[in-house]
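Quantities reported herein were computed from a predicted structural model and do not represent experimental measurements.
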Amino acid sequence: MNKGIELLLVNSFAPRQRIASDAALENGLAVIRTYLEERDVSVHVIDEQRVSRVEEGVPKWCTWLLRKLVKLQLNKFSACFKPFAAFALLLAWPIQSLALYFRKHYMDKLIDNIATLVQTDQIPFVGIKVWGGAPYTWSVKLAQRIREANPETIVIAGGPHVKVYGEYVLAHNEFDLAIMGPGEEILEDLLIKRRSTPGKTVYLELLRQEIDSFPLIRTGHYHEQGDYMFHSFTIPNYRAIDMTDKVWFHTLIDGLGCTWNKCTFCSHTRQNTHYTPRPIEEIKEEILAMTGRGIAFFRFSSSETPLGHGRAIAKMILDNNIKMNYSIFARPAQASEYMYESYRLMIRSGLRAIFLGGETGHDEINDKIMNKGVQRKDIIDTIQCVKLAAAAEGASCQIVLAMIYPCPVIPGVTLEDVFTQNVSLIKEANPDAVIINPPGVFPGTGWFDEKEKLGFKLGENFVNELMNYEYSIYKPVEFWKKMDYTLNDLDMPKILKEIGRLNRAVVDMGIPINISDDYLMMSQAIGYSSKANLFEFKQTSFVDIISGTCNYIKEITKKMNERSRILAGSNPNNRNNRAQPVSKE
């Protein structure tokens with residue numbers, strides 16, 4: 001007799017792709033399933049975040065027509081002749097609305113199907129991995145529908161959105177519980193308790209008495225002690241279905257936290273324990289497990305991979321003759337021989353992309369507003385050091401520089417001063433790509449705690465609006481949904497226009513914008529390396545993203561996955577697996 005499903009895990013998703021790598025391997029839910037199944041718990045995963053699923057529910061004629069119209073909007077003639085671009089936009093607008101109607105109808109139907117499954121099988125627990133914006137709105141609807149269909153089911157929110165917003169996710173009682181931090185050990189504990197407790201009401205009261213932060217359960221680095229319900233890492237066991245219609249790069253936990261952990265704008269400061277490196281032997285074991293499955297592309301997940309830990313990982317990779325590519329998050333620092341040699345070692349071992357948080361080119365703002373702990377010279381020198389290291393190794397290692405603009409200012413410094421210094425920094429550093437982020441004010445950060453002092457004015461419902469906000473990239477910013485949110489004399493449309501002004505200045509330097517480290521990994525995997533290549537990659541994938549189609553992204557995913565299989569197969573223990581495709585079982 002088959003055991004019924006004890007835990008249903010659902011990955012939330014949006015009506016449209018946001019970036020080309022949205023459909024990367026879902027490591028978080030695979031980790032939870034692997035851990036619990038090893039302990040004889042029956043777990044089922046529903047994951048709609050896949051490359052071609054973005055077109056599900058929309059008629060073929062609609063996606064075909066919309067794609068044609070979007071291409072018309074973005075072609076060179078439209079770029080030169082604004083009235084024609086406006087006309088193309090007006091033509092596309094009703095088709096966009098119709099496509100989104102069909103898509104949302106499909107997403108609502110999926111909610112009904114999940115709720116029916118929960119009710120029919122009397123599933124006691126549903127865990128939803130919650131992402132921001134439209135996926136959060138969808139998650140709330142799913143949670144409400146499940147609780148209507150089967151009131152005894154415990155609905156739990158987890159994932160990135162909970163780590164950023166914490167208790168605000170539970171403000172309107174859409175979820176019974178939320179887990180901030182690693183979920184596998186606490187879910188095992190919750191399941192065991194539920195088996196011996198009669199009824200949901202009694203069960204939740206028991207948890208209320210036992211857990212101080214109920215209904216928000218803080219685990220791992222998010223707990224005051226830093227290890228609550230988190231004592232070991234689990235290597236996810238990807239099944240064929242987990243890899244089907246997915247981009248084959250694996251998010252690898254190389255460590256937890258950040259060595260600095262003091263930036264006033266950063267939600268990672270919710271973690272109570274500073275950086276903890278993961279043991280090298282565990283990282284090696286996970287890499288070998290992944291390459292054995294044909295996966296050779298990795299994105300290291302910690303807020304920062306410090307040079308010392310990066311060197312140790314690189315040495316392990318080289319000592320074991322492992323063939324792989326990976327990207328990291330890094331902090332700028334004072335350039336030195338140690339930095340140069342560290343990056344040479346990492347690049348030699350397969351480092352191919354770096355996400356570098358610079359925030360601003362104005363030293364006083366970085367110090368007094370961001371509390372970044374670095375100066376513009378550090379940002380420039382770090383980027384140049386990586387370039388020199390890559391040249392010495394004869395390999396590509398591309399850098400995306402992330403910045404925040406507009407931002408709060410201090411007496412004696414104007415926003416124009418910050419703009420000028422930002423342009424100067426980017427011109428001198430010459431990164432491979434730049435991302436300009438808006439000045440987000442997230443709960444639990446220094447900016448949120450001192451919002452009035454910094455010049456922010458937030459409406460009473462601001463946090464809830466922010467949690468649900470979805471950027472309408474197919475519309476001009478003037479038509480985006482307004483939020484009750486200002487920074488000094490800038491309301492949201494003015495903030496977006498300031499971002500656009502800096503973006504145009506960056507593009508005028510010949511540097512592509514809004515390309516992250518995962519984009520860089522994907523583009524390199526299919527043979528793109530120059531900035532001109534990146535512009536082409538961005539432009540072509542942007543057609544897919546705006547139109548809600550997947551023509552190009554399917555093509556590059558196929559190429560990248562084939563490259564991953566070949567690279568993984570070149571490892572000594574995997575050569576027999578080199579050409580074996582993943583089945584669609």
Side-chain angles (χ1 to χ4, degrees), residues 9-29 45-58 62-63 66-67 70 92-93 95-114 127-145 157-165 169 174-175 245-247 251 435 437-438 440 464-475 477 479-481 483 514-516 518-519 522 538 541-554 557:
L9 294 173
V10 182
N11 193 18
S12 62
F13 65 109
R16 297 278 173 85
Q17 286 192 125
R18 298 156 174 202
I19 56 175
S21 60
D22 266 354
L25 295 170
E26 175 41 59
N27 72 310
L29 299 185
V45 174
I46 295 176
D47 181 10
E48 279 281 308
Q49 192 65 70
R50 299 175 188 273
V51 175
S52 59
R53 294 281 177 87
V54 70
E55 296 183 359
E56 289 291 327
V58 185
C62 190
T63 55
L66 187 52
R67 187 173 179 84
V70 168
W93 205 321
I95 309 301
Q96 287 278 13
S97 299
L98 186 62
L100 283 169
Y101 167 80
F102 284 124
R103 181 67 175 153
K104 289 178 179 177
H105 179 72
Y106 170 79
M107 293 171 71
D108 287 343
K109 184 178 178 182
L110 183 62
I111 285 175
D112 290 338
N113 292 343
I114 293 172
I128 306 174
K129 184 170 185 176
V130 184
W131 300 89
Y136 175 67
T137 305
W138 183 83
S139 298
V140 168
K141 287 182 71 174
L142 174 61
Q144 290 170 334
R145 183 74 183 84
H161 215 48
V162 178
K163 292 175 183 176
V164 173
Y165 292 99
V169 172
E174 289 103 349
F175 306 98
D245 210 16
K246 287 283 194 177
V247 180
T251 301
I435 294 177
N437 294 304
N464 189 60
E465 288 180 347
L466 187 61
M467 287 195 296
N468 287 277
Y469 194 81
E470 184 73 12
Y471 294 98
S472 305
I473 57 174
Y474 59 92
K475 297 180 185 176
V477 295
F479 296 95
W480 287 14
K481 183 181 176 183
M483 284 200 299
N514 300 325
I515 292 180
S516 191
D518 44 2
Y519 255 111
M522 291 180 74
K538 173 73 176 179
S541 61
F542 200 49
V543 172
D544 280 14
I545 290 167
I546 293 182
S547 63
T549 57
C550 58
N551 303 41
Y552 181 63
I553 293 174
K554 273 202 299 189
T557 297

J.: Ignoring hydrogens, what is the shortest heavy-atom contact between Val51 and Ile553? Give both atom names and the distance.
T.: CG1-CG2, 4.0 Å
J.: How many angstroms lie between OG in Ser541 and CD1 in Ile515, if you round to the nearest 0.5 Å?
T.: 7.5 Å
J.: If you apply the rule side-chain contact (heavy atoms from CB on, under 4.5 Å), what do you find for Trp131 with Asp22, and how did you get there?
T.: CA-CA 11 Å; Trp131 300 89; Asp22 266 354; over 6 Å; no
J.: With Pro135 as reference, evaluate Gln49, Arg18, Lys129 under the side chain to side chain contact (heavy atoms under 4.5 Å, CB included) test and give the passing residue.
T.: Arg18
J.: Which distance, rounded to the nearest 0.5 Å, do you find between the CE of Met467 and the OH of Tyr136?
T.: 3.5 Å
J.: Can you see which heavy atom on Val169 is nearest to which on Glu174, and at what distance?
T.: O-OE1, 3.9 Å
J.: Is the shortest heavy-atom distance from the side chain of Leu466 to the side chain of Tyr165 under 4.5 Å?
T.: yes
J.: Under a 4.5 Å cut-off applied to non-hydrogen side-chain atoms, are Glu48 and Tyr106 in contact?
T.: yes
J.: Are Val10 and Leu142 close enough, and set up right, to give a side-chain contact (heavy atoms from CB on, under 4.5 Å), and what steps lead you there?
T.: CA-CA 10 Å; Val10 182; Leu142 174 61; 3.9 Å; yes
J.: Around Lys538, counting heavy atoms of other residues, nucleotides and ligands shown, do more than 12 lie under 6.0 Å from its NZ?
T.: yes
J.: Just jot down the side-chain hydrogen bond (donor to acceptor under 3.5 Å, both in side chains) partners of Asp108, sequence neighbours excluded, or say none.
T.: Lys141
J.: At their closest point, which heavy atom of Val130 faces which heavy atom of Ala157, and how far apart are they?
T.: CG2-CB, 4.0 Å
J.: For a quick test of reading the model, state the closest non-hydrogen atom pair linking Val58 to Phe102 and the distance between them.
T.: CA-CB, 4.0 Å
J.: List the steps, then state whether side-chain contact (heavy atoms from CB on, under 4.5 Å) holds for Arg16 with Gln96.
T.: CA-CA 11 Å; Arg16 297 278 173 85; Gln96 287 278 13; 2.9 Å; yes
J.: Measuring from Glu55:CD to Lys554:NZ, what's the distance to the nearest 0.5 Å?
T.: 6.0 Å
J.: Is there a donor-acceptor pair closer than 3.5 Å between any side-chain N or O of Ser547 and the backbone N or O of Leu66?
T.: no
J.: Which pair of non-hydrogen atoms, one from Asp47 and one from Arg53, has the smallest distance, and what is that distance?
T.: O-NH1, 4.1 Å
J.: Using 0.5 Å steps for rounding, measure from the OG1 atom of Thr63 to the CG atom of Asn551.
T.: 8.0 Å
J.: Can you measure from OH (Tyr552) to OG1 (Thr557) and round to the nearest 0.5 angstrom?
T.: 10.0 Å
J.: When rounded to the nearest 0.5 angstrom, what distance separates CG in Asp245 from OG in Ser52?
T.: 3.0 Å
J.: Output all residues satisfying salt bridge (Lys or Arg N to Asp or Glu O under 4.0 Å) with Arg67, sequence neighbours left out; order by chain, then residue number.
T.: Asp544
J.: Partners of Thr251 by side-chain contact (heavy atoms from CB on, under 4.5 Å), sequence neighbours excluded?
T.: Asn27, Ser301
J.: With heavy-atom distances below 4.5 Å as the criterion, would you say the side chains of Phe175 and Val162 are in contact?
T.: no
J.: With a 4.0 Å cut-off on N to O distance, would you call Arg50 and Glu26 a salt bridge?
T.: no
